[in-house]
Amino acid sequence: MDLPRSFTIRESGHRIHNPFTSEKLALLGRALSPAPGTRLLDLACGSGEMLCTWARDHGVTGTGVDISTVFLANARARAEELGVGDRVGFVHADASGHVADEPVGLAACVGATWIGGGVAGTVELLRRSLAPGGIMLVGEPFWRREPLDRATVEGCHATDKDDFLPLPELVEEFGRLGCDVVEMVLADQDSWDRYAAAQWLATRRWLDAHPDDELAEEMRADLTAAPARHVRHQREYLGWGVFALMNR
């Protein structure tokens, strides 16, 4: 049980595995201002940057769950680097079935709503771990602009236009799920650039070091196409944000 190696190669230079910069992650933490000792469950936590930095900056404790052994190794190393290894822990597991042993004040799935089969299922999964009065954090793409054709949809790594909603409809969807939106921090085009371009550099460095690897041809094709695909489609049409939700 692990992520495909091609994914971890592309994102080997990332601490945050979505188009959220460290500044925006810190902004979200300041906006929510969790009390010291607040327990955070982070499903599909990646390299654990949210849990580790919020433990350092706000005194939260908690657990991150992810399917990637590579990212979890990074997360544990980051926790030790920041001196919070005694306050956070990481579990190698399928996050789609994970529920906290005890209710938590913050339950998060930032950028991986496929673990619940979409937004609705992910909100329901997070609710199963949430203490009364707690906050859910959901990271999700949305259409900044209406995609004009199939090429744009596929260039944004979607299979159908209905995979994502425009921002107003996404916010309304949270309401239909019985949630109040109490905070949000949105990525911008520069956030997308930082996320995507770091993939290109990581891929090129890997290719230079592993020219004969069995994945080299696939990774070369991806690097050749990715920059133009990003500026033509993803950068222009796809938004992304983290939404803080509370049960009504």
Side-chain angles (χ1 to χ4, degrees), residues 3-28 44-47 49-50 68 70-71 74 109-115 118-119 137-171 173 184-211 213-243:
L3 284 178
R5 192 159 62 99
S6 58
F7 190 92
T8 58
I9 290 169
R10 279 192 296 270
E11 303 225 347
S12 60
H14 291 66
R15 284 181 172 165
I16 302 171
H17 299 283
N18 50 60
F20 224 42
T21 61
S22 58
E23 292 81 8
K24 287 185 179 291
L25 183 62
L27 173 62
L28 179 63
C45 67
S47 294
E49 189 71 359
M50 180 168 69
S68 171
V70 172
F71 293 162
N74 294 342
C109 176
V110 177
T113 55
W114 58 82
I115 69 170
V119 170
L137 300 176
V138 176
E140 181 70 3
F142 56 85
W143 293 118
R144 291 182 63 244
R145 296 168 55 187
E146 181 82 8
L148 300 178
D149 50 31
R150 183 74 184 172
T152 299
V153 171
E154 293 178 352
C156 293
H157 303 286
T159 57
D160 189 89
K161 186 179 76 170
D162 293 338
D163 287 353
F164 310 131
L165 295 170
L167 181 58
E169 283 81 348
L170 177 58
V171 170
E173 175 67 9
M184 68 179 188
V185 176
L186 303 183
D188 53 26
Q189 288 179 308
D190 183 65
S191 307
W192 272 117
D193 294 345
R194 302 282 56 77
Y195 176 57
Q199 294 179 348
W200 312 335
L201 182 58
T203 300
R204 176 53 194 264
R205 286 175 171 168
W206 181 88
L207 284 167
D208 289 346
H210 303 88
D213 191 279
E214 62 182 2
L215 286 180
E217 183 176 354
E218 173 188 338
M219 301 304 292
R220 162 43 62 191
D222 183 69
L223 178 58
T224 299
R229 182 176 61 233
H230 170 67
V231 298
R232 180 172 287 116
H233 300 302
Q234 186 171 265
R235 189 181 197 273
E236 294 300 313
Y237 287 89
L238 197 61
W240 197 91
V242 180
F243 302 86

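Around the CZ atom of Arg5, the shell of radius 6.0 Å holds more than 12 heavy atoms that belong to other residues, nucleotides or ligands. Residue Lys161 qualifies as open at atom NZ: its count of foreign heavy atoms under 6.0 Å is 12 or below. Other residues, nucleotides and ligands contribute only 12 or fewer heavy atoms inside 6.0 Å of the CZ atom of Arg204.
Between Ala187 and Pro19 the shortest heavy-atom distance is CB-O, 3.0 Å. Between Ile115 and Ala44, the shortest heavy-atom contact is CG2-CB, 4.5 Å. Pairing each heavy atom of Pro147 with each of Thr152, the nearest pair is CB-CG2, 3.8 Å. Heavy-atom minimum distance, Glu140 versus Phe243: O-CE1, 4.2 Å. Heavy-atom minimum distance, Val110 versus Asn18: O-ND2, 3.4 Å. Closest approach of Ser6 to Leu215, counting heavy atoms only: N-CD1, 4.0 Å.
The distance from the CD atom of Glu218 to the CG atom of Leu207 is 10.5 Å, given to the nearest 0.5 Å. Note that the CD atom of Gln199 and the NE2 atom of His230 stand 9.5 Å from one another [nearest 0.5 Å]. To the nearest 0.5 Å, atoms SG (Cys109) and CH2 (Trp114) are separated by 7.5 Å. A distance of 9.5 Å separates CG in Leu223 from CG in Leu201, rounded to the nearest 0.5 Å. Between the CZ atom of Phe71 and the CG atom of Leu3 there is a distance of 6.0 Å, given to the nearest 0.5 Å. With rounding to the nearest 0.5 Å, the separation of NE2 in His157 from CZ in Phe164 is 9.0 Å.
Using bins of under 30°, 30° to 60° and over 60° for the plane-to-plane angle, the ring pair Tyr195/Trp192 lands in the tilted bin. Ring geometry for Tyr237 against His233 counts as tilted: the plane angle lies between 30° and 60°, on a 0 to 90° scale.
Within the 4.5 Å cutoff, the side chain of Thr203 has no heavy atoms near those of the Trp200 side chain. The closest side-chain heavy-atom distance from Asp188 to Ser191 is below 4.5 Å. Cys45 places none of its side-chain heavy atoms less than 4.5 Å from the side chain of Met50. Looking at heavy atoms from C-beta onward, Leu186 lies in side-chain contact with Phe142 at the 4.5 angstrom threshold. Residues Leu238 and Trp143 meet the side-chain proximity criterion, which asks for heavy atoms closer than 4.5 Å. Residues Arg144 and Gln189 have side chains in contact (heavy-atom distance under 4.5 Å, counting atoms from C-beta outward). Counting only heavy atoms from C-beta outward, the side chains of Thr224 and Arg220 approach each other to under 4.5 Å.
Between the Arg150 side chain and the Thr159 main chain, a donor and an acceptor come within less than 3.5 Å of each other. Between the side chain of Asp208 and the backbone N or O of Arg205, no donor-acceptor pair lies under 3.5 Å.
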Can you check salt bridge (charged side-chain N to carboxylate O under 4.0 Å, His left out) on Arg229 and Glu154, steps first, answer last? CA-CA 10 Å; Arg229 182 176 61 233; Glu154 293 178 352; over 6 Å; no
Show, in sequence, the C-alpha distance, side-chain angles and deciding distance for Asp222 and Arg10, and conclude whether the side-chain contact (heavy atoms from CB on, under 4.5 Å) test is met. CA-CA 10 Å; Asp222 183 69; Arg10 279 192 296 270; 3.4 Å; yes
